[in-house]
2 protein chains.
Amino acid sequence: MAEELNDRSQNILEVIVEDYIASAEPVGSRAISRRHSFNLSPASVRNVMSDLEEMGFLCSPHTSAGRIPTDKGFHYYIDTLLQVRDLSKEEESRLQKSYRFKDMKMEDIMQEVGRVMSGLSNYTGLVMAPKFASTVFRQIEFVRLSHGRLLVIYVSETGLVQNKVITADPSLTARDLEQISQYLNREMTGLSIPKVREKIARELKAERIRYDALQQQALELSSAALQEKTEDLVFVSGTSLMLEQPEFSTPERMKRIIHALESKKTLIELLDRSQAAQGVQVFIGSRSEHTEIEGCSLVTASFSSKKGAIGTLGVIGPVRMPYSQVIPIVDFTAQLVSRILEREVE
Amino acid sequence: MAEELNDRSQNILEVIVEDYIASAEPVGSRAISRRHSFNLSPASVRNVMSDLEEMGFLCSPHTSAGRIPTDKGFHYYIDTLLQVRDLSKEEESRLQKSYRFKDMKMEDIMQEVGRVMSGLSNYTGLVMAPKFASTVFRQIEFVRLSHGRLLVIYVSETGLVQNKVITADPSLTARDLEQISQYLNREMTGLSIPKVREKIARELKAERIRYDALQQQALELSSAALQEKTEDLVFVSGTSLMLEQPEFSTPERMKRIIHALESKKTLIELLDRSQAAQGVQVFIGSRSEHTEIEGCSLVTASFSSKKGAIGTLGVIGPVRMPYSQVIPIVDFTAQLVSRILEREVE
DNA sequence: TGTTAGCACTCTACCATGATGAGTGCTAAC
DNA sequence: GTTAGCACTCATCATGGTAGAGTGCTAACA
């Protein structure tokens, strides 16, 4: 991996990547020597390009087209050549103003963040809300529905609200439920979900609990209520922007990419994977794995409050993406969301 | 509109529509006289077809292609010729088994209904959840967030849960909120939202309220909480199925239809419109209005519980749709959802 | 030794051409 | 009223030929 390129090769690779990002067309030697002041003739450029192709950074679609960067070429560009300038204060505040979060609940914020990020970048926005298990218990309430069914309303420290229906002993009265929720809210507030689960398990085993039917029911209810949600919350915004990209202009590609964005399976996998990492991550859709998003790149960043609640957001677009613009947008948005979650706490 | 067609013309129109639905290709005179036992030569069929074209039921894409039905032709077919057989008991129970609604909350049910309907019909499923204003008050709870912000949890008679964040006097204690929600739950349960609003307005004007600050706050809070939600809940499932239809096989059409399904604006408009009507409705995408869903048909039906809470569901697909299969699916699903809402109540 | 001009070569995109075939409309005969 | 026959139309497809862009190679040059 630690391949070295001399200055000239680097420069030429850089302008090829950038020209290709701008035009989506293969880049020819003549264009390079003319548009950029290298003082090199096309023939010399061709020699370098030939070397770069040999090394796997470039490829040519056919004999008499220009060169386009390979995934490896993009990787090298992003890792070594790309200069991501931070946003100026001005831009940041302009960006911040795009978001209006007053009086919005968690889900709406996620949705809105995706929409704005998509609008700013002109690519499809992705937001994966914090996983249930990564949240911190704040409050639980029960609402009786029919047939001994209960609606559980769970609120995390960061204001994420989740509802779930569970079945329970129909003989529980409203008074019982009130006591149960009071008990739980007293005991569990401030604990992370894994800790809450642990505590429930421990207490259910304890001797004394045998004598307090209500407490036992409280624990059993909450155990059911805090079961892992199978479904992840992923918000996709600006799907149709994807179809504007020339790399997805054929019906087959359109079908495939829409399908991938609709099923969300691959997206969740990739967002999950970038969950752990710090800062902005760039995934370049490799040909081998995840064929349904072949030709796509993901630029992602995680957000979190101090009290856990980790989520991931980003944009997905063609590999040929203006990373120098997209990365700061994603980066700043993730930080912004983190701050919002923070503020939500108190 | 009350145009009369003789038997032969009707038969031929019917066959053309059905062949076209099956094949998506223009239908020629020869195919008709051969495949269907009319004992008519192609030439005779041609005469009839020529008449039908004259009357606006058919059109030919070009001189030497067969004929395809116009929107008017489809309309006539649906209104006059189409025989929708009801589902057999067997099919109904099979269909019913596709749905698993145990322990699901309203939103999930809507989502799931859309998914199953889409899967059964092989077209894109649409579900518009009951509008907030059409629901009946069952329960309200308040959860304190930071900075005097409150999370309002509203549960309707049919189990529809809605959350909303409102700003409120930060000095309200948990105890206050409990009392407020108790007061509201005592006073408002069983009333429709418009009635609740009326009652709130009336009581706020009443003299005695001046002396009960808490009650006043309760009323003001609920007034804020029960504000109309601007956003309608529309669930679209199986978007990518649309792209499999030959009528949307070109990139341009794909873009347009995906865009239309994503923005939902037109969909909401059409679903709203069919809200009022009884039974199954068929909208044929006219060329003039709603150009973004040109070439599409909507088959919709409304569902409701006895206590209000009206929603609409259906499928969207190309005008060339096997209505005889789709209509019973939509019809039955709407009835099924109505029954589920009913059961939810008690 | 690195750079460059020149040139033959390759390949795609584009356009015109012509053949094929499906389907119609018309006419005349039944 | 129905039908066979036939000329006509038009989309589709394969063919071939051209223009243009870009490369690779070679030989000359600094």
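Chain letters run A, B, ... following the sequence lines, proteins first, then strands; residues in each count from 1.
How far CD1 of B:I284 is from CZ of B:F74: 7.0 Å, rounded to the nearest 0.5 Å. Here the straight-line distance linking atom CD of A:Q281 with atom CG of A:L271 works out to 11.0 Å at 0.5 Å rounding.
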| remark: Under the rule of Watson-Crick or G-U wobble with both distances under 3.5 Å, where | means paired to another strand and [ ] a crossing pair, DNA chain C maps to ||||||||||||||||||||||||||||||

For a quick test of your reading: what N or O donor-acceptor pairs under 3.5 Å do the side chains of residues 314-325 of chain A make, sequence neighbours left out?
unit_1, atom_1, unit_2, atom_2, d
A:R320, NE, A:E247, OE1, 3.0
A:R320, NE, A:E247, OE2, 3.2
A:R320, NH1, A:I21, O, 2.6
A:R320, NH2, A:Q245, OE1, 3.1
A:R320, NH2, A:E247, OE2, 2.8
A:Y323, OH, A:S297, OG, 2.7
A:Y323, OH, A:V319, O, 2.6

Could you give the side-chain donor-acceptor pairs of residues 47-58 of chain B under 3.5 Å, partners two or more places apart or in another chain?
unit_1, atom_1, unit_2, atom_2, d
B:E53, OE1, B:R67, NE, 2.5
B:E53, OE1, B:R67, NH2, 2.8
B:E53, OE2, B:S60, OG, 3.2

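When rounded to the nearest whole Å, the span between CG of A:L40 and P of C:dT1 equals 19 Å.
Side-chain contact between A:L81 and A:Q10: present, with at least one pair of heavy atoms (C-beta onward) separated by less than 4.5 Å. Residues A:L313 and A:V113 form a side-chain contact, since some pair of their non-hydrogen atoms from C-beta on lies under 4.5 Å apart.
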Anything under 3.5 Å between a protein N or O and an N or O of nucleotides 14-19 of chain C, put it in a table, one pair a line.
none

Pick out the pairs of N or O atoms, protein on one side and nucleotides 20-23 of chain C on the other, that lie under 3.5 Å.
unit_1, atom_1, unit_2, atom_2, d
C:dG23, O4', B:S64, O, 3.2

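Listed by chain and number, the residues in a salt bridge (Lys or Arg N to Asp or Glu O under 4.0 Å) with A:R30 amount to none (sequence neighbours excluded). Partners of A:S9 according to the side chain to side chain donor-acceptor pair (under 3.5 Å) rule, which considers only residues two or more places apart in sequence or in another chain, are A:N6.
Of all heavy-atom pairs spanning B:Y20 and B:V27, the tightest one is N-CG2, 3.8 Å. Contact record, A:L13 with A:Y76: CD2-CD2, 3.6 Å, taken as the closest heavy-atom pair.
For A:T300 and A:S274, the side-chain atoms include at least one donor-acceptor pair closer than 3.5 Å. For A:H259 and B:S240, the side-chain atoms include at least one donor-acceptor pair closer than 3.5 Å.
Judged as a salt bridge (Lys or Arg N to Asp or Glu O under 4.0 Å), the pairs with a partner in residues 252-268 of chain A (not counting sequence neighbours) are, in order, A:K255-B:E244, A:R256-A:E294. The list of salt bridge (Lys or Arg N to Asp or Glu O under 4.0 Å) pairs with a residue in residues 323-334 of chain A, not counting sequence neighbours, is empty. The list of salt bridge (Lys or Arg N to Asp or Glu O under 4.0 Å) pairs with a residue in residues 7-17 of chain B, not counting sequence neighbours, is empty.
For residues 14-22 of chain A, proximity to DNA chain D is found at no residue, defined as any non-hydrogen atom under 4.0 angstrom from a strand atom.
Along DNA chain D, the stretch of nucleotides lying under 4.0 Å from any heavy atom of chain B spans, 5' to 3', D:dT2 to D:dA11.
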